[in-house]
Amino acid sequence: MRAVGISRPSATPAVRTAVVWDVLRAVLADRVTATGRDRLDIVDAGGGTGGFAVPLAGLGHAVTVVDPSPDSLAALERRAAEAGVGVRALQGDAADLKEILPTDGADLVLCHSVLEYVEDPAGALSAIAGLLREGGAISVLAANPLAAALHRSIAGRFDEALQVLDDPEGRWGERDPTPRRFTRETLAMLLSSAGFTPGEVHGVRIFADLVPSRLLDGEPGAARALVALEQAAAAHPVLRDIATQLHVLGRK
């Protein structure tokens, strides 16, 4: 029986990142095998409060987070301390990576929800390419314009949904907080131009953003079933393209 007054953590965050973690676990295992090193060097560009960085450090890897927000880095350090792991926190922007970190020093770089906000996405990817060792990989997670159009239409904002489809940056108007969004074709082109070989694109949060969190938290087994659905749909040629975010791995 559930104890009165004790709240359980929401299952929603885990559901929203399950597909990304599937890919990350696979690329880490491949890299460990290829290098013979159990402890890999990982950089999380724009890693914020450590949603990915802390669990990766918990797996035994050396993780560095670069983020422009001192508040986020302070929260990262608290989170890492609570988890009993060490994560290096550095303040800086994606454009500063070449000045902050050594060349050819990383096995994996996370670039999650970063390209939407940097002034020069192509330049950021080029800087990340310089950080990676040969055979290393970049994990890119970016907002998808088709999902934005779908979500605006569900909210009854039909003119804004149409604007997303017409706007080259995938924005729904001047009040849109996201400066730009990317299709899978655009992401693949950006990665190729930066010297990466793009892998398969996966859809992230295809259904998760449409399901009320109270359903996941209140129905036994609902979160597990939704994760299975997201995993099955992630590479579906139609459903993938309406995901809130697109995830792609690029190899150097």
Side-chain angles (χ1 to χ4, degrees), residues 16-24 27 43-48 51-52 66-68 93-95 97 108-129 131-132 137-154 157 160-210 230 233-252:
R16 288 175 173 169
T17 60
V19 169
V20 179
W21 276 110
D22 286 345
V23 177
L24 292 182
V27 73
V43 174
D44 191 347
F52 282 93
V66 180
D67 196 276
D93 296 309
L97 289 174
L108 172 67
V109 177
L110 307 189
C111 183
H112 294 174
S113 301
V114 170
L115 297 182
E116 297 95 320
Y117 302 97
V118 296
E119 291 186 10
D120 180 10
L125 290 177
S126 178
I128 290 172
L131 301 182
L132 283 165
I138 179 175
S139 170
V140 175
L141 186 65
N144 174 20
L146 296 184
L150 177 63
H151 294 165
R152 298 315 289 172
S153 67
I154 291 174
R157 304 284 188 173
E160 292 175 351
L162 182 59
Q163 174 67 17
V164 172
L165 298 180
D166 290 338
D167 189 274
E169 301 289 349
R171 305 184 75 235
W172 49 259
E174 292 182 0
R175 295 183 295 108
D176 189 339
T178 304
R180 67 182 71 83
R181 296 179 176 88
F182 301 88
T183 64
R184 56 188 176 89
E185 293 85 2
T186 303
L187 286 177
M189 181 183 67
L190 281 170
L191 284 167
S192 295
S193 297
F196 294 102
T197 301
E200 184 176 14
V201 177
H202 292 96
V204 177
R205 294 159 54 190
I206 297 171
F207 303 102
D209 287 354
L210 305 176
E230 289 278 349
H236 190 285
V238 176
L239 295 174
R240 168 195 58 204
D241 289 345
I242 62 169
T244 298
Q245 294 174 300
L246 299 174
H247 182 246
V248 59
L249 203 70
R251 295 187 183 271
K252 182 177 177 180

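These values consider heavy atoms only, across backbone and side chains, with no hydrogens, waters or symmetry-generated copies.
With contacts defined as side-chain heavy-atom distances shorter than 4.5 Å, the pair Leu115/Leu187 qualifies. Inter-residue side-chain proximity for Pro121 and Val118 is flagged as met; some heavy-atom pair is nearer than 4.5 Å. Residues Val19 and Arg205 have side chains not in contact (no heavy-atom distance under 4.5 Å, counting atoms from C-beta outward). Within the 4.5 Å cutoff, the side chain of Glu230 has heavy atoms near those of the Ile206 side chain. A heavy-atom distance below 4.5 Å is found between the side chains of Leu190 and Phe182. In this structure, the side chains of Leu24 and Leu108 come closer than 4.5 Å at one or more pairs of heavy atoms. With a 4.5 Å cut-off on side-chain heavy atoms, Arg157 and Trp172 do not count as touching. The shortest distance between side-chain heavy atoms of Ser139 and His247 falls below 4.5 Å.
A donor-acceptor contact shorter than 3.5 Å links the side chain of Glu116 to the backbone of Val114. Remark: side-chain polar atoms of Ser192 are not paired, donor with acceptor, to backbone N or O of Met189 under 3.5 angstrom. A donor-acceptor distance shorter than 3.5 angstrom exists from the side chain of Lys252 to the backbone of Ala129, with no hydrogens or angles considered. Asp93 places no side-chain N or O within 3.5 Å of a backbone atom of Ala95 that could act as its donor or acceptor partner. No donor-acceptor pair under 3.5 Å is formed between the side chain of Ser126 and the backbone N or O of Ala122.
In this structure, the separation between NE2 on His151 and CD on Glu160 is 14.0 Å, given to the nearest 0.5 Å. Annotation: the span from Leu249 atom CG to His202 atom NE2 amounts to 9.5 Å, rounded to 0.5 Å. To the nearest 0.5 Å, the span separating CD1 on Ile138 from CG on Leu125 amounts to 5.0 Å. Rounded to the nearest 0.5 Å, atoms CD1 (Ile242) and NE2 (His236) are 10.0 Å apart.
The two residues Ala188 and Pro198 come nearest to each other via the heavy atoms O-CG, 3.6 Å. Contact record, Pro145 with Thr183: CG-CG2, 3.8 Å, taken as the closest heavy-atom pair. Shown here for Arg240 and Leu246, the closest heavy-atom pair between the two residues is O-CD2, 3.5 Å. Of all the heavy atoms in Ala149 and Ala161, the pair that sits closest is O-CB, 3.3 Å. For the pair Gly203 and Ala243, the tightest heavy-atom approach, listed with the atom from each and the gap, is CA-CB, 3.5 Å. The two residues Pro179 and Arg171 have their closest heavy-atom pair at O-CD, 2.8 Å.
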Assess whether side chain to side chain contact (heavy atoms under 4.5 Å, CB included) is satisfied between Leu165 and Leu146, documenting all intermediate values. CA-CA 7 Å; Leu165 298 180; Leu146 296 184; 3.9 Å; yes
Full working for side chain to side chain contact (heavy atoms under 4.5 Å, CB included) between Val27 and Arg251: CA-CA 10 Å; Val27 73; Arg251 295 187 183 271; 3.6 Å; yes
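With respect to Asp176 and Arg181, a salt bridge is recorded, a charged nitrogen being found less than 4.0 Å from a carboxylate O.
Heavy atoms of other residues, nucleotides or ligands lying less than 6.0 angstrom from CD of Glu185 number more than 12.
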